[in-house]
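Below is one structure, written out as structure tokens, with a few remarks after it.
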Amino acid sequence: MNDETKKTIYRNMLRIRRFEEQIFEVYTGGLMHGLAHLYIGEEAVAVGVCSALRDDDYITSTHRGHGHCVAKGGNLDQMMAEVLGRVTGYCRGKGGSMHIADMSLGILGANGIVGGGFGIATGAALSAKLRKTDQVAVCFFGDGASNQGVFFEVMNTASIWDLPVVYVCENNQYGEYTATDSVTAGDTIADRAKPFGIPSSTIDGNDVVIVHETAAAAVAGAREGKGPTLIECMTYRHRGHHVGDPGDGYRSEEERQAWQDKDPITTFRARLVDEGIDAEDLDGIDAAVQEEVADAVESAAGAPYPDVEEATHHVFA
Amino acid sequence: MNDETKKTIYRNMLRIRRFEEQIFEVYTGGLMHGLAHLYIGEEAVAVGVCSALRDDDYITSTHRGHGHCVAKGGNLDQMMAEVLGRVTGYCRGKGGSMHIADMSLGILGANGIVGGGFGIATGAALSAKLRKTDQVAVCFFGDGASNQGVFFEVMNTASIWDLPVVYVCENNQYGEYTATDSVTAGDTIADRAKPFGIPSSTIDGNDVVIVHETAAAAVAGAREGKGPTLIECMTYRHRGHHVGDPGDGYRSEEERQAWQDKDPITTFRARLVDEGIDAEDLDGIDAAVQEEVADAVESAAGAPYPDVEEATHHVFA
Amino acid sequence: MSSPEREITFGEAVKEAIATEMRRDELVILMGEDVGAAGSVFKILLGLHEEFGPDRVIDTPIAEAGYVGLGVGAALTGMRPIVDIMFGDFMALAMDQIVNQAAKLRYMSGGQATVPLTIRATMGAGRSSAAQHSQSLHAWASHIPGLKVVVPSTPADVLGLFPTAVRDDNPVLFFEDKMMYAVKGTAPETVDPIPFGVADVKREGSDVTLIATSSMVLVAFAAAETLADDGISCEIVDPRTMVPLDTDTLVQSASKTGHAVIIDEGCRSFGVGAELASVVYEGAFDYLDAPIVRLGAMDVPVPFTKPLEDATIPNETDVVRAVKEMLG
Amino acid sequence: MSSPEREITFGEAVKEAIATEMRRDELVILMGEDVGAAGSVFKILLGLHEEFGPDRVIDTPIAEAGYVGLGVGAALTGMRPIVDIMFGDFMALAMDQIVNQAAKLRYMSGGQATVPLTIRATMGAGRSSAAQHSQSLHAWASHIPGLKVVVPSTPADVLGLFPTAVRDDNPVLFFEDKMMYAVKGTAPETVDPIPFGVADVKREGSDVTLIATSSMVLVAFAAAETLADDGISCEIVDPRTMVPLDTDTLVQSASKTGHAVIIDEGCRSFGVGAELASVVYEGAFDYLDAPIVRLGAMDVPVPFTKPLEDATIPNETDVVRAVKEMLG
Ligand SMILES: Cc1ncc(C[n+]2csc(CCOP(=O)(O)OP(=O)(O)O)c2C)c(N)n1
Ligand SMILES: Cc1ncc(C[n+]2csc(CCOP(=O)(O)OP(=O)(O)O)c2C)c(N)n1
Ligand SMILES: [Mg+2]
Ligand SMILES: [Mg+2]
């Protein structure tokens, strides 16, 4: 990984972090309607994986989707406008946080159905294979989603048809307020790929380099026709399940602190500095990102809501 | 296994075989409406497993359900009457072949939905556990059903809650006209239990003794609170997918012959004779079964259809 | 009955009704995602887990088909499970269990099986939750023989109808509009079970019948107040259960007033409003002075952004306008 | 158009329509259980696998949610998949994919996404297949914004409507009554695509309008013949698509005759008949001389045994009786 790549990765993780912090602000400030699920603490997964993708590769995302969208190249202005329900948003305000999509970047959408991306990503992989485009599809999903039956249905199918799809599990130890262990049998989620003959591994999801390298190998394999893989990334959400949840109570202070100490961004920054990258360069990135995010909020907050007539648009093509 | 048990097992396998042969007769004779799925060739699975069960244990069955019902003690008269749609049938003619049930024997029903028994059997196991009855539930299902997502959902749940359920896969190498291999990833279906920490094995499903012993151990474990198991029984259906399918074309003559040679009944009979059981005793069983089955057809064919008013009965309790 | 009245929210009524049934009958259990210590994502179930413990208030994996299926199996074998579908939209993942299994097992078995399963599901838009967390899908279940369907509109009705659901030997879909959880109402200290299939005339009137379901009853009340100022007298009829449906009460009211407006939050087309209208036409044809007006949600996926979302749901203004046009 | 006529069965029409679309556009693929070499369990697709090969006529595992989901993903990314649901009852396993994903992706994305997915599903009782293989569930899909719903009644309509489905940029549910596969009809040698939302007046008449869907059109024809002998002239209107619905044609016909009977094979209650009746009432209120009669399947799970099954489906006698009572 050269310095430029490192900085880009650093920058993208930061963009997610700062964007999400702003989401929390607009929520508490009463600027947004509804809820949003923050990705803070899990940035290394989205960025590690998406930095291994081509622009025309596909991803499917989750209800906790901002990170994936940013990492795949999503525009912060349009994202923030969408979260605020404005007509300048990615979905003209009709989707909101849980449905941000950018078809031009292969972002096939965040999804409000836990496990909703499984079929879509695997179908996109089938499509890529049939159209012979050598595109790859990545399916992000949570530990909770790994208990949905359709996960196994698509793994079986992807395996028999050798589809170019990478399943990326973000195991953040909880599904809502329920600890993963208490509802998820077996040792690892990675094991769930094995009966289908799908290679899998469980990795440190807070180490963006490991994530990147593991994903790059999986993506390259998929592109070469070697079929699907599953990567389980161990990580943690620093915040609550959604912006309205303080995130404590069901999680010990100790546990939360331990993961704070493993923050993917601060640890990566320290490493970059160790590896000789100028701290000032990184500060410069910080400042630029801060500005980019502030601009996004400002432009979004100033944008209009869609006209009421838009309610009936886009039901059908 | 003492001689009495051996003879009972032999008798029950034969009862299934002869019953099914009669189903084919009534079908070709135009006496029944609709279709039925014959179990011929797979008798060792149902009988091996059910002979390890208590009367108050539960089973869920499949579209290919006659064998399970007979093995769990079902009454042939009521079964045949049901297949012929008569009011004296198990379901008063309203269910037919695919829905035969005998709640008094714990037969929670054949099922027309491939995979339809997974939730029911696992829920029955939960019920047994909560009511502290030490009943066990057995879920019969096919290789095809092992690709339905709900299979994995219930295995996960049964594992985390240590439910007394035994999943019995009848791997007869085909789902309808499609070879199992072509749509089913991985080496064995038994492997699919592993990521959930559920013990599993693949066994010769045509050897009724092996099936019985494996099932007995699984059932005993479940009863003692050791949780679920999965048993994959390798077997073959001699006939077509249903009575109207000759069963050739998609299966080679060679393959079919090879399995004919491993017929679970003739091999078991030979073994019993080897083990010193009088062939005449077995002939006597044959004759008695033949008569029982003939009687079932006769009584069913003579029974009336339900009155048309019955169409509106039993929608609600 | 003159048991003293008290104030209670819709959400509190749900919890009280569950608790009462669980105390009464230990075969009653509650299963669903985060129904345990978390007290549901709507927080309305807080306390049940403490009182009844994890064996009876059971957190399930995120696997709607699986755990509804477990509910069917448990119901079939002696339990009386209450199964929780957090957002009614997720029913779509469990339709096979609900429709092909729960609804049909009794009939297919010729009356041998009973499936005393209660499925609680939320419905309703209004929370800026967008298209996958806002649907009102009670029309689907109402179309399936073997299912009973409850759409309560007040805390008191929840307290009366929920026990009926749990004690019913058939699968019952109990739809709770999540926008009403915080809504207060009065209820007697102890509430007798309310039988299914009995519509409630919630307000008497003479000019027009407003047939409203679930939270739309509140909309109907608001409209009725406004219309009263204009001298228009509205009768509000709440069917309370879609299946069984109290056709008689609907027909009688519409025959009396000669006018009917139906208000339901499901999508208008092919929604329950069509059935309600049809039975009223069939029974009151000679008494109707004008075509029935059906108000329902716009035939669009529920949009996220507030101004659009609000526009898709029938509101007081829509009802007032419909009534005035009809009578004018 | 005077292209020469020929005889063709409903099932042959389905195959021909699929083949034609697959020849026309290589992005069209067909996926489902045993659609390949087996030619479907109904054997109507024999030959497609040979012609188009296993990459385009794809046997899937038994996993309805999974492979419908794959269809959604493939449609979203440039393919035009046709997905086969062997028995419409199994739609229940894929409702999340159909309703929460396929139907809503375009709207939720603010118009970015297109989902040109055709889902073929069978419907209809009559084969002694019992309650899990006989349902007609088109009412569910018709209630969901974002889905188009086709219920063809003749081979010629299949030949015209199927290309429209495949070429449509939206998810389309195409319901085939499996009892009609062997039914013959005539059709032009080449059939132009028939636009959605155009009802077909299949028989002109003056006394009563029979609005019939799918195989019930055949029942309506049989009844019309019988009634003609009694001097009663029936107009038969086939809406052909539930969504979009050609309300105008239904209203015009009912306004002309003053009488309408609706015949659909879904369960009567909360079925599509309620919507069809409602739109006719709404548009023809002043012209109707009697309440509309809705005929649908009995509100029971479909029973296995032939005498009972037959009794649950609307038949010629029911229609004749309804019309005579209405006119008498
Ligand atoms: C089908 C479905 N069931 C339930 C929910 C409610 N829900 C939203 S997020 C969530 C937890 C998901 O957990 P996980 O997959 O681990 O993702 P995380 O939130 O931890 O990122 C649940 C249960 C849903 N949105 N969809
Ligand atoms: C949900 C569902 N999908 C499809 C079918 C149609 N179908 C009936 S039997 C069958 C094959 C089942 O294969 P398997 O589970 O191996 O059982 P087998 O018939 O071999 O005993 C299929 C696809 C069905 N009944 N239910
Ligand atoms: Mg999680
Ligand atoms: Mg099989």
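Here is the naming used below: chain letters follow the sequence lines, and residue numbers restart at 1 for every chain.
Top candidate by heavy-atom pairs under 4.5 Å with chain A, chosen from C:D34, C:V300, C:D89, is C:D34. Among A:N111, A:T180, A:D245, A:T312, the residue with the largest count of heavy-atom pairs under 4.5 Å with chain C is A:N111. Annotation: maximal heavy-atom pairing with chain C below 4.5 Å, among A:G144, A:A145, A:G175, occurs at A:G144.
Here OG of C:S128 is found 10.0 Å from CE of A:M98. Values are rounded to the nearest 0.5 Å. In this structure, CZ on C:R127 lies 6.5 Å from CG on A:L35, to the nearest 0.5 angstrom. We find the CG-CD1 distance between C:L93 and A:I113 to be 6.0 Å, quoted to the nearest 0.5 Å. One distance of note links NZ of C:K43 with OH of A:Y177; it measures 4.5 Å at 0.5 Å rounding. Atom SG of residue A:C91 and atom CZ of residue C:F304 lie 10.0 Å apart, to the nearest 0.5 angstrom.
Heavy atoms of A:H33 lying under 4.5 Å from chain C belong to its backbone as well as its side chain. For C:D299, the part lying under 4.5 angstrom from a heavy atom of chain A is the backbone only. Contact annotation for C:E309: neither backbone nor side-chain heavy atoms come within less than 4.5 Å of a heavy atom of chain A. Only the backbone of A:D307 has a heavy atom closer than 4.5 Å to any heavy atom of chain C. Only the side chain of A:Y305 has a heavy atom closer than 4.5 Å to any heavy atom of chain C. The parts of A:V308 that come within reach of chain C are both its backbone and its side chain, each placing non-hydrogen atoms under 4.5 angstrom from that chain.
Under a cut-off of 6.0 angstrom, the local environment of CD in C:E50 is crowded, with over 12 non-hydrogen atoms contributed by other residues, nucleotides or ligands. In A:E25, the CD atom is crowded: over 12 heavy atoms of neighbouring residues, nucleotides or ligands sit closer than 6.0 Å. Counting non-hydrogen atoms of other residues, nucleotides and ligands closer than 6.0 Å to CG of A:N75 gives a total above 12.
Each of A:T178, A:D143, A:V183, A:V114 was evaluated against C:I62; a single residue qualifies, A:V114, per the side chain to side chain contact (heavy atoms under 4.5 Å, CB included) test.
Summarising the geometry of C:A130 relative to A:G95, their closest heavy-atom pair is CB-O, 3.5 Å, with the distance given to 0.1 Å. Between C:M298 and A:A311 the shortest heavy-atom distance is SD-CB, 4.0 Å.
In this structure the side chain of A:T184 never reaches within 4.5 angstrom of the side chain of C:P61, judged on heavy atoms. Inter-residue side-chain proximity for A:E176 and C:M86 is flagged as met; some heavy-atom pair is nearer than 4.5 Å. Taking 4.5 Å as the limit, every side-chain heavy atom of A:R92 sits out of range of all side-chain heavy atoms of C:T305.
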